[in-house]
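Remember, it's a predicted structure, so these values are computed and weren't measured experimentally.
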Amino acid sequence: MRSEAKKKIYGILFILGAALGFALMNLFVSLAGDLPLMQKVFFRNFFATVIVFFTLVFSKEKFRIHDKSCILWLFLRAGIGFLGVVLNFYAIDHIGSISDASILNKLSPFFAILFSVFLMKEKPTIPEIIFVLIAFAGAMLVVNPRFDMDIVPAISGFLSGACAGFAYTCVRVLGKKGERNDLIIFVFSAFSSLVSLPFMIAYYQPMTGMQWLYLVLAGLSAAGGQFFITAAYKQAPAKEIAVFDYAQVLFAALLGFLFLGQIPKILSIAGYVVIIGAAVGNCIYRLEKTKREAQKNKISQKNNIESG
């Protein structure tokens with residue numbers, strides 16, 4: 001088997017591992033029960049902070065930032081990413097279905113297309129805009145707009161996807177500037193831990209042994225998901241494997257049914273199908289676009305050689 005094909009298979013396996021990790025995180029956060037939001041957020045980030053800290057300590061470059069201009073982007077990614085986690089956890093606690101919370105958070109790639117217009121001066125194509133609109137239409141099915149307080153958790157989940165999309169766009173900017181994934185994860189995790197710590201101390205609620213266990217498992221699952229997704233994108237380009245990240249919704253639906261007795265509503269399931277369909281369509285379009293551009297460049301190079 002060719003090395004590129006092997007890498008793609010490993011990338012898919014890693015991203016499926018990440019999807020399972022984040023689905024388990026959502027499950028354990030929900031199982032932890034009625035605890036202060038920031039208490040849950042702190043545990044979600046603390047373990048990743050510790051693990052990445054020791055990874056960087058023993059690395060060659062340690063905590064060195066390659067470019068001073070990266071500092072702003074690192075903290076933008078950390079701040080907006082932290083807000084996204086808070087909104088996502090609020091949605092998990094109140095939306096009534098961890099699969100609904102997962103799919104709304106997975107709008108992030110479509111928001112990333114929109115944010116790339118402003119942050120990276122990229123111009124989306126007409127098909128990409130159409131897929132964004134289709135995905136948002138699917139989100140409306142999940143949100144099921146209504147004029148009462150029940151819609152607040154759904155809007156929170158929707159906005160968590162927007163924050164994640166902004167954060168991922170910042171990661172793309174940092175990647176183009178040559179910044180390391182481990183350092184990006186550390187700044188985000190450490191920032192989130194430090195910001196949530198005072199709130200956790202101020203509103204700390206004593207936990208049972210099982211609640212401790214669930215939050216520790218949530219933190220470890222989140223750390224595992226973070227490392228798996230980083231490993232996945234080192235193996236293969238995002239445009240080739242990102243669509244498999246939507247397996248998190250299927251994992252969340254299965255875990256929610258088995259452990260929480262949650263059954264998604266018909267409208268929500270329709271929304272899942274529309275959003276995942278838009279993601280698959282966008283993935284196929286981008287792969288075909290890349291293939292056409294590669295063929296065009298190949299023909300152009302051949303013509304230049306012949307004319308030279």
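Between Phe14 and Phe228, the ring planes lie tilted relative to each other; the angle falls in the 30° to 60° range. The aromatic rings of Phe43 and Phe47 sit tilted relative to each other, their planes meeting at an angle between 30° and 60°.
When ring centroids are compared, Phe199 and Tyr204 stay outside the 6.0 Å threshold. Between Phe75 and Phe82, a ring centre-to-centre spacing not shorter than 6.0 Å is recorded. Residues Phe110 and Phe115 keep their aromatic ring centres 6.0 Å or farther apart.
Side chains of Lys106 and Gln248: a donor on one and an acceptor on the other come within 3.5 Å. Between the side chains of Asn45 and Ser189, no donor-acceptor pair of N or O atoms lies under 3.5 Å. Side-chain atoms of Thr49 and Ser193 include a donor-acceptor pair closer than 3.5 Å. Residues Ser59 and Asp182 bring no donor and acceptor atom of their side chains to less than 3.5 Å of each other. A side-chain N or O of Tyr285 and one of Thr125 form a donor-acceptor pair less than 3.5 Å apart.
Taking 4.0 Å as the cut-off between side-chain N and carboxylate O, Glu61 and Arg64 count as a salt-bridged pair. Under the 4.0 Å criterion applied to side-chain N and carboxylate O atoms, Arg172 and Glu122 are assigned as salt-bridge partners. No salt bridge links Lys265 with Asp100; every basic N to acidic carboxylate O contact stays at or beyond 4.0 Å.
Side chain of Gln205 to backbone of Asp34: a donor-acceptor contact under 3.5 angstrom is found. Looking at Ser268, its side chain never comes within 3.5 Å of a backbone N or O of Pro264 through a donor-acceptor pair.
Closest heavy-atom contact between Lys40 and Phe89: O-CE2, 3.6 Å. Contact between Tyr272 and Ser99 at its shortest, heavy atoms only, is OH-OG, 2.7 Å.
Other members of the cluster containing Ile129 are Leu133, with ILVMFWY side chains joined at under 4.5 Å, either directly or via other members.
At least one side-chain heavy atom of Trp73 sits less than 4.5 Å from a side-chain heavy atom of Leu119.
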